[in-house]
Trainee: 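Take this structure, written in structure tokens, and hold onto it; I'll ask about it next.
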Amino acid sequence: MRHILAGLVLSSTLVARAWAGQQPTHIYGVNLGSWLVLESWMLPQEWLDMGGQSCADCSTCIASEWSFAKAYPDTVDTTFAQHWDTWFTQNDVNTLKAAGINTVRVPLGYWIVEALVDRSHESYPRGGLNYLRRGLGWLQDAGIQVILDHHALPGVQTAGQEFTGNCTTNVQFYTSYNYHRALVWTAVMTTLSHLDPDFGSVFAIEAINEPIMNASQTPNYGTFQKNFVQTIRAVELTLGILVPSSSLSVSISASVSNNFTAALGATSSATTFTAEVQAALADAIPILMEIGADCGLQTIFEASPFKQSRTSLVANFMDVNWQYNNPSNPADVAIGPQAYDNHLYYSFGGVAAADPTSYMISICNLTRIQVDAAVGNSPLWFGEWGLPTQFNATDAFLYQWADAQKLAYSKGAGWIFWNFKTEISNLTNGNALARQWSYLEGLELGFLTQDPAALHNPDVCVPYMNSTSNGTST
């Protein structure tokens, strides 16, 4: 979770055509933030109880998973297991299903694939994959679809943010070494999404959450985007999954038709794909074999027919307008189904003047969907948004604010609220934090409707249409 920016109307009919698969034709979702990538500002009392610290600059104290693992190397795994076990539960799934939520976005760190962590200098809790598999099983049983969001990248993709797992100014993601690790992660997650029964409701994988906005500081990011897409499609073609609108193909020998990892090894030498993709596929194989042994998937990975009838996953990117300074356009590298993600938080400034009328004028005249569509970034969903403001918002305003944002974002592919919940404690001044950041608390207070497609006032934007204010909606 963080900033703002970017441009963006796609009808739900066009969205449905673009996504001919298992995914919802219109997204009404929530993020499972602070579960498998912990952000202490959302659960300050629990963080202190775990042994963490609070400080104004998160790089100076135990305020991230990295710093926690460094401080408590002998107990970090058991401490985080308790958090993973309790922050997101079957009861939460039941509540979300009853509230009409059809999609969740699951923020993940690269360390969910433990073999990718260089333990000589990197420290993160271990064991999260088992909790991810359990949670995905619950969501699948509830009929809730899933986006796997690579939220925290190897080497850190953005400075000074808890959501990267390591709050630091030393940003090293945009290097060949860490791009490679991210591609291996992508190959592993694509394989699990198609072969692990618990991953059956996954319909999309997001390449990177909130990269640096200044494209001049993200060298070779466009090449990574191309390789990310190719990595997903290489795994899928190995599985016999047809990729729509693609001429790519791989040939699988009958001798490996009952051994997916062996077949992937053959694909890793296919010159159809870039050298970076070939290397990522090759390095994913021993990791998959290890995961298979640990998770009871060895027979599926190595001794079973593996051809799949599933549809292709959606490759998901932050939209091109997230960045400035001549960014690469992810639409240029699309192979098969692809979708785009925009994050919009008014509370960080830079979107509209800090008053209720300016907020309403801005959101009711939002053009991000149209702007993105003009450069091929469709379908577009709003993968993070919430009710926080730069001013003390009244309850009456929050009813309007929720309605207006839902109305604006639903003109695209849909929306995913940040977050499904936050802590309620003395350190959060009761429900003061949850009032504007928690979907479940917003439901309880009535700002958000029990039917996510419904609005308290369908005409909420009529008084503000085509008005101007001291701010911008683009």
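For reference, positions follow the sequence shown, starting with 1.
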Trainee: To the nearest 0.5 Å, what is the distance between OG (Ser64) and CH2 (Trp47)?
Mentor: 6.5 Å

Trainee: Atom CD of Glu46 and atom CG of Leu427: how far apart are they, to the nearest 0.5 Å?
Mentor: 12.0 Å

Trainee: Could you note down all residue pairs passing disulfide (SG to SG under 2.5 Å) where residues 386-435 supplies at least one of them, sequence neighbours left out?
Mentor: none

Trainee: Please name all residues satisfying ring-ring contact (aromatic ring centres under 6.0 Å, His included) with Tyr221, sequence neighbours left out, ordered by chain then number.
Mentor: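 Tyr221 satisfies ring-ring contact (aromatic ring centres under 6.0 Å, His included) with no other residue.
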
Trainee: Would a 4.5 Å heavy-atom cut-off, applied to side chains only, mark Leu36 and Trp111 as touching?
Mentor: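 No, their side chains stay 4.5 Å or more apart.
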
Trainee: Any side-chain heavy atom of Tyr409 sitting closer than 4.5 Å to one from Leu344?
Mentor: yes

Trainee: So Leu183 and Phe224, do their side chains get closer than 4.5 Å, heavy atoms only?
Mentor: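 They are in side-chain contact.
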
Trainee: Tell me whether Asn227 contacts the main-chain N or O of Glu276 through its side chain, where contact means a donor paired with an acceptor under 3.5 Å.
Mentor: no

Trainee: State, without any angle test, whether Asn325 and Asn214 hold a side-chain donor-acceptor pair at a distance under 3.5 Å.
Mentor: yes

Trainee: Taking ring-ring contact (aromatic ring centres under 6.0 Å, His included) as the criterion, tell me which of Trp87, Phe88, Tyr131, Phe80 meets it with Trp35.
Mentor: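 When Trp87, Phe88, Tyr131, Phe80 are each tested with Trp35, the ring-ring contact (aromatic ring centres under 6.0 Å, His included) holds only for Phe88.
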
Trainee: Hey, what do you get for CD (Gln45) to CE (Met50), rounding to the nearest 0.5 Å?
Mentor: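 If we round to the nearest 0.5 Å, Gln45:CD and Met50:CE are 12.5 Å apart.
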
Trainee: For residues Phe199 and Leu148, determine if any side-chain heavy atom of one lies less than 4.5 Å from a side-chain heavy atom of the other.
Mentor: yes

Trainee: Please enumerate all residues that pass side-chain hydrogen bond (donor to acceptor under 3.5 Å, both in side chains) together with Asp403, with sequence neighbours excluded.
Mentor: none

Trainee: Under the salt bridge (charged side-chain N to carboxylate O under 4.0 Å, His left out) rule, collect the residues that match up with Arg435, sequence neighbours excluded.
Mentor: Asp395

Trainee: Between Phe68 and Thr79, is there a side-chain heavy-atom distance shorter than 4.5 Å?
Mentor: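 Thr79 vs Phe68: side chains touch.
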
Trainee: Any heavy-atom pair between the side chains of Ser67 and Cys167 that's under 4.5 Å?
Mentor: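 They are not in side-chain contact.
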
Trainee: Do Asn220 and Thr223 have a side chain donor and acceptor closer than 3.5 Å?
Mentor: no

Trainee: I need the single residue from Tyr345, Phe447, Trp418 that forms a ring-ring contact (aromatic ring centres under 6.0 Å, His included) with Trp437. Which is it?
Mentor: Tyr345

Trainee: State which residues pass side-chain hydrogen bond (donor to acceptor under 3.5 Å, both in side chains) with Asp57; sequence neighbours excluded, sorted by chain then number.
Mentor: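 With neighbours one apart ignored, the set is Ser59.
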
Trainee: How long is the gap from CG on Asn166 to SG on Cys58, to the nearest 0.5 Å?
Mentor: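 The CG atom of Asn166 sits 9.0 Å away from the SG atom of Cys58.
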
Trainee: Per the ring-ring contact (aromatic ring centres under 6.0 Å, His included) rule, which among Phe317, Tyr179, Trp185 passes with Phe228?
Mentor: Phe317

Trainee: I'd like to know if the side chain of Arg181 pairs up with that of Asn178 as donor and acceptor (distance under 3.5 Å, no hydrogens or angles considered).
Mentor: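 Judged by distance alone, the side chains do pair up.
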
Trainee: List in chain and number order the residues that pass salt bridge (charged side-chain N to carboxylate O under 4.0 Å, His left out) with Asp77, two or more places apart in sequence or in another chain; answer none if no residue qualifies.
Mentor: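 Scan of Asp77 (salt bridge (charged side-chain N to carboxylate O under 4.0 Å, His left out), adjacent residues dropped) gives Arg126.
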
Trainee: Between Val277, Val113, Val235, Thr231, which is the residue that forms a side chain to side chain contact (heavy atoms under 4.5 Å, CB included) with Thr186?
Mentor: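 In the set Val277, Val113, Val235, Thr231, the residue that makes a side chain to side chain contact (heavy atoms under 4.5 Å, CB included) with Thr186 is Thr231.
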
Trainee: Decide yes or no on side-chain contact (heavy atoms from CB on, under 4.5 Å) for Asn377 and Asn329, but give the supporting numbers first.
Mentor: CA-CA 8 Å; Asn377 283 205; Asn329 187 346; 2.9 Å; yes

Trainee: Which residues pass the side-chain hydrogen bond (donor to acceptor under 3.5 Å, both in side chains) test with Thr449, sequence neighbours left out?
Mentor: Lys406

Trainee: Evaluate the side-chain contact (heavy atoms from CB on, under 4.5 Å) criterion for residues Asn170 and Val156: first the C-alpha distance (whole Å), next the side-chain angles of each, then the deciding distance (0.1 Å), finally the verdict.
Mentor: CA-CA 8 Å; Asn170 184 23; Val156 176; over 6 Å; no

Trainee: State, to 0.1 Å, how close Ala99 and Pro452 come at their nearest heavy-atom pair, and which atoms those are.
Mentor: O-CD, 3.1 Å

Trainee: Do the side chain of Asn365 and the main chain of Asn466 share a donor and acceptor less than 3.5 angstrom apart?
Mentor: yes

Trainee: Inspect the surroundings of NZ in Lys97 and state if more than 12 heavy atoms from other residues, nucleotides or ligands are less than 6.0 Å away.
Mentor: no

Trainee: State which residue, out of Thr191, Thr190, Asp196, fulfils the side chain to side chain contact (heavy atoms under 4.5 Å, CB included) condition with His194.
Mentor: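 By the side chain to side chain contact (heavy atoms under 4.5 Å, CB included) criterion, His194 pairs with just one of Thr191, Thr190, Asp196: Thr190.
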
Trainee: Does the side chain of Gln217 come within less than 4.5 Å of Val171's, by heavy atoms?
Mentor: no

Trainee: Between Asp85 and Arg134, is there a side-chain N and carboxylate O pair less than 4.0 Å apart?
Mentor: yes

Trainee: Got a sec, which residues hit ring-ring contact (aromatic ring centres under 6.0 Å, His included) with Tyr28, two or more places apart in sequence or on another chain?
Mentor: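 Once residues adjacent in sequence are excluded, the partners of Tyr28 under the ring-ring contact (aromatic ring centres under 6.0 Å, His included) criterion are His26, Trp415.
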
Trainee: Would you please classify the geometry between the Trp401 ring and the Tyr359 ring as parallel, tilted or perpendicular, with 30° and 60° separating the classes?
Mentor: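 Ring orientation of Tyr359 relative to Trp401: tilted.
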
Trainee: Check step by step if side-chain contact (heavy atoms from CB on, under 4.5 Å) holds for Ile363 and Trp385.
Mentor: CA-CA 12 Å; Ile363 194 65; Trp385 66 283; over 6 Å; no

Trainee: Drop me the distance from Arg233's CZ to Ser246's OG, to the nearest 0.5 angstrom.
Mentor: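 The OG atom of Ser246 is 8.5 Å from CZ of Arg233, to the nearest 0.5 Å.
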
Trainee: Listing request: all disulfide (SG to SG under 2.5 Å) pairs with a residue in residues 321-408, at least two apart in sequence or in separate chains.
Mentor: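 For residues 321-408: Cys364-Cys461.
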
Trainee: Partners of Asn94 by side chain to side chain contact (heavy atoms under 4.5 Å, CB included), sequence neighbours excluded?
Mentor: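 If we apply the side chain to side chain contact (heavy atoms under 4.5 Å, CB included) test to Asn94, skipping adjacent residues, the hits are Gln90, Asn91.
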
Trainee: Can you pull out every disulfide (SG to SG under 2.5 Å) where at least one residue sits in residues 381-457? Sequence neighbours excluded, please.
Mentor: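 As it turns out, there is no disulfide (SG to SG under 2.5 Å) pair with a partner in residues 381-457 once direct neighbours are skipped.
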
Trainee: For the pair Ser410 (side chain) and Leu407 (backbone), establish whether a donor and an acceptor sit closer than 3.5 Å, ignoring hydrogens and angles.
Mentor: no

Trainee: Yes or no on salt bridge (charged side-chain N to carboxylate O under 4.0 Å, His left out) for Arg105 and Glu384, after CA distance, side-chain angles and deciding distance?
Mentor: CA-CA 9 Å; Arg105 178 173 177 258; Glu384 293 188 21; 2.9 Å; yes

Trainee: Under the side-chain contact (heavy atoms from CB on, under 4.5 Å) rule, what do Ile212 and Gln157 come out as? Steps first, then yes or no, please.
Mentor: CA-CA 7 Å; Ile212 294 173; Gln157 77 272 25; over 6 Å; no

Trainee: Are the aromatic rings of Tyr110 and Phe173 close, with centres under 6.0 Å apart?
Mentor: no

Trainee: Above 12 or not: heavy atoms from other molecules or residues under 6.0 Å from CG of Asn326?
Mentor: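 It does not: Asn326 CG has 12 such atoms or fewer within range.
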
Trainee: Please enumerate all residues that pass side-chain hydrogen bond (donor to acceptor under 3.5 Å, both in side chains) together with Thr428, with sequence neighbours excluded.
Mentor: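 Partners of Thr428 under the side-chain hydrogen bond (donor to acceptor under 3.5 Å, both in side chains) test: none.
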
Trainee: Counting C-beta onward and ignoring hydrogens, is there a side-chain heavy-atom pair between Met318 and His343 closer than 4.5 Å?
Mentor: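 The answer is yes; the side chains approach within 4.5 Å.
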
Trainee: Nearest 0.5 angstrom please: Lys226 NZ to Ile335 CD1, how far?
Mentor: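 One gets 9.5 Å once the value is rounded to the nearest 0.5 Å.
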
Trainee: Do Glu441 and Thr422 have side-chain N/O donor and acceptor atoms under 3.5 Å apart?
Mentor: no

